[in-house]
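Worksheet: one structure, shown below.
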Amino acid sequence: MRRLAPRLLKAPTTHARLRAAVPAALVLRSPWSPRPKFPTLLHEALPTPSQRATFRTATPLLYSTDNNDTIAGETVATTTESTSSASSSEEPPPPLPLDDDGRLDPSVFPKLPFCFDTGIGLFAKRTPRPFPPPFLSPPSGSFSDPLSTHDRSRDRRKVYVNGHLIQGYTNGDDAVFASKYFICANDGVGAWSMRPRGHAGLWARLILHFWATNIFQDAASHSQRDYHPDPVSYLQHAYEQTVEATSEPNDWQGTTTAAGALLHFRKNSETGDPEPLVYVTNIGDSQVMVVRPSTREMVFKSKEQWHWFDCPRQLGTNSPDTPVNCAVVDEVPIREGDVVLAMSDGVIDNLWAHEIVEKVSESVERWERGEGREEGIVEGEDGKDMMGFVAEELKEAAKVIALDPFAESPFMEHAIEEGLASGGGKLDDISVVAAMCRKNKG
């Protein structure tokens, strides 16, 4: 389990970068300060349809429901007349580009010459805390049962943020997202699970949700000619939205790393033909890697960012890190057939880079020979599940090392370099998003 730096646990007071990025009213409280009772949002009176045009809130509320007509982003408390009149004069945010299932719709992107085929591989070291409360979990049956039974919860309600289905997938404290043009893997810092209001998995998922929606909203508002991605601004806005969403009355604390790859293109200077280009954005120790299976080589690997060993740069509660100051963006030219990987540190702490390249290349070759058709999960778009197989194979390779107390691993090597006794793999959440670049036919 990665650690929180002692200074990350202090009250948010005078750090200039954090104060510049987040308004003072939105900075979360110290973990040591008294905590109000969390409001049971599902049991509060919701506004009537006639009130929805008048009553709005500055803090988006997060809860789950089966009623798609319930708007989570609108206020559940009494609002004064002056507040409602001021809010009604504000311009509403642009609508989210969603499909019929409530997922972000990639068709809103301007007609780009390239796209991704995607697949996901997930392994969680433990069941994550559910979100949001109230939890519908059965009680413990005896003293021998665990005190927390949310892993056996029959609660299958969907989670909505501001009235929209939350995007992506949660995997332990990790969160991943995969689409035709954008993939990412966020790794929540597990040490928050030991704190009363800690919820790193929620922070990872919310950063992902807002990051992806900001990208899709910006793409929907531009044509191909004037669409120029700005990855840092997307992530910065997502960070600020997450701080707002987890502030009181919700009051959830956590931190997360973030790594994403946004597919775009550039024109060849000689021929004028389009060539695929990936904007890689990274903060912390999650990683984006580009593998070329045809030549079994690594084209690119993002560099991890650390405060010190086992304490990566991270976005969230009391952390001095912000996207605008700390995020690194690389423009990486790639080719058709290249595989772009977004991975949490559960992969790179257990597999060296050359092992990842070999496993990805081997999996692609096996699939092309017709092997593995009955294995893996099918997450690829348009029925293409090669990348689902590749992601599953890479996840399984990392899992084997993570569960082996006698294996040699990159994490063990780094720990020994720091003078720490360590052996075997590192048991952690393992999240892989694999995406192959191809020509866009749709």
**Prompt:** Among all residues two or more places apart in sequence or in another chain, which pass the side-chain contact (heavy atoms from CB on, under 4.5 Å) test with Asn282?
**Reply:** Ala259, Ser302, Gln305
**Request:** Of all the heavy-atom pairs spanning Gly172 and Thr170, show the shortest one and how long it is.
**Result:** O-CG2, 3.5 Å
**Fill in**
Sequence neighbours excluded, the answer for side-chain contact (heavy atoms from CB on, under 4.5 Å) partners of Ile416 is Met412
**Evaluation steps, ring pair (Phe, Tyr, Trp, His ring centres under 6.0 Å), between Phe216 and Phe109** = CA-CA 7 Å; Phe216 276 67; Phe109 274 75; 5.0 Å; yes
**Complete:** For Ala261 and Val340, the nearest pair of non-hydrogen atoms, with its separation, is CB-CG1, 3.8 Å
**Message:** Quick check for you: to the nearest 0.5 Å, what is the distance between Trp203 atom CH2 and Thr256 atom OG1?
**Reply:** 9.5 Å
**Message:** What I'd like to find out is whether the side chain of Lys180 reaches to under 4.5 Å of the side chain of Asn440, using heavy atoms alone.
**Reply:** yes
**Message:** Quick check: closest heavy atoms across Tyr227 and Ala219, and the distance to 0.1 Å?
**Reply:** CE1-CA, 3.8 Å
**Request:** Output the distance between atom CZ (Phe411) and atom CG (Leu427), rounded to the nearest 0.5 Å.
**Result:** 11.0 Å
**Asked** Distance only, no hydrogens: is a donor on one side chain within 3.5 Å (strictly under) of an acceptor on the other, for Glu393 and Ser363?
**Response** no
**Prompt:** Hey, are Lys125 and Asp173 close enough for a salt bridge, meaning a charged N less than 4.0 Å from a carboxylate O?
**Reply:** no
**Request:** Give a yes or no answer on whether the side chain of Asn268 reaches the backbone of Thr271 with a donor-acceptor pair at less than 3.5 Å.
**Result:** yes
**Request:** To the nearest 0.5 angstrom, please state how far the CD1 atom of Ile120 sits from the CG atom of Asn171.
**Result:** 10.0 Å
**Request:** Side-chain contact test, heavy atoms from C-beta onward, threshold under 4.5 Å: evaluate it for Phe210 versus Val161 and give yes or no.
**Result:** yes
**Request:** Mark yes or no for whether Gln236, through its side chain, and Val324, through its backbone, hold a donor-acceptor pair below 3.5 Å.
**Result:** yes
**Message:** Let's go through Ile348 and Ile356 carefully: what are the C-alpha distance in whole Å and the side-chain angles of both, what is the deciding distance for side chain to side chain contact (heavy atoms under 4.5 Å, CB included) to 0.1 Å, and is it a yes or a no?
**Reply:** CA-CA 8 Å; Ile348 63 175; Ile356 296 174; 4.3 Å; yes
**Asked** Do you know the tightest heavy-atom contact between Asn214 and Tyr234?
**Response** ND2-O, 3.1 Å
**Prompt:** Rounded to the nearest 0.5 Å, how far does CG of Asp285 lie from OG1 of Thr257?
**Reply:** 5.5 Å
**Asked** Arg335 versus Cys437: any side-chain heavy-atom pair under 4.5 Å?
**Response** no
**Request:** List the steps, then state whether side chain to side chain contact (heavy atoms under 4.5 Å, CB included) holds for Val291 with Ser361.
**Result:** CA-CA 8 Å; Val291 177; Ser361 302; 4.1 Å; yes
**Item:** Lys359 bridged to Glu396 by N-O distance under 4.0 Å
**Value:** no
**Approximate separation, where rounding is to 0.5 Å, of Ser422 OG and Glu413 CD** = 10.5 Å
**Asked** Going from CD1 on Ile166 to CZ on Arg103, what distance comes out if it is rounded to the nearest 0.5 angstrom?
**Response** 9.5 Å
**Item:** pair Met343-Leu394: side-chain heavy atoms closer than 4.5 Å
**Value:** yes
**Asked** Looking only at heavy atoms, which two atoms of Asn186 and Ala204 are closest? And how far apart?
**Response** ND2-O, 3.2 Å
**Prompt:** Just checking, Arg313 and Trp306: is the charged tip under 6.0 Å from the six-membered ring centre and within 45° of the axis?
**Reply:** no
**Request:** May I ask you to test the Asp310-Glu418 pair for a side-chain heavy-atom distance under 4.5 Å?
**Result:** no
**Asked** Can you list the steps and then say if Tyr279 with Glu331 is a side chain to side chain contact (heavy atoms under 4.5 Å, CB included)?
**Response** CA-CA 5 Å; Tyr279 289 92; Glu331 297 183 9; 3.5 Å; yes
**Asked** Do Asp105 side-chain atoms and Ser107 backbone N/O form a donor-acceptor pair below 3.5 Å?
**Response** yes
**Asked** Is Glu297 atom CD crowded by more than 12 heavy atoms from other residues, nucleotides or ligands, each under 6.0 Å away?
**Response** yes
**Message:** For a 4.5 angstrom cut-off between non-hydrogen side-chain atoms, does Phe116 reach Ser179?
**Reply:** no
**Request:** In sequence, state the C-alpha distance, the side-chain angles, and the governing distance for Trp211 and Thr281, and then conclude on side chain to side chain contact (heavy atoms under 4.5 Å, CB included).
**Result:** CA-CA 11 Å; Trp211 193 6; Thr281 309; 3.9 Å; yes
**Prompt:** Do His354 and Met298 have side chains that get closer than 4.5 Å, going by heavy atoms?
**Reply:** no
**Request:** Provide the closest heavy-atom pair for Gly337 versus Pro293 in the form atom of the first, atom of the second, distance.
**Result:** O-CD, 3.5 Å
**Prompt:** Hey, are Asp321 and His307 close enough side-chain-wise for a donor-acceptor pair under 3.5 Å?
**Reply:** yes
**Request:** Classify the angle between the aromatic ring planes of Trp252 and His199 as parallel (below 30°), tilted (30 to 60°) or perpendicular (above 60°).
**Result:** perpendicular
**Request:** Over 60° means perpendicular and under 30° means parallel, so classify the ring planes of Phe182 and Phe177, tilted if in between.
**Result:** tilted
**Asked** Does any donor atom in the side chain of Arg126 or Ser193 lie under 3.5 Å from an acceptor atom in the other side chain?
**Response** yes
**Message:** Could you tell me if the side chain of Val290 sits less than 4.5 Å from the side chain of Val278, heavy atoms only?
**Reply:** no
**Item:** Side-chain (Arg205) to main-chain (Gln167) donor-acceptor, under 3.5 angstrom
**Value:** yes
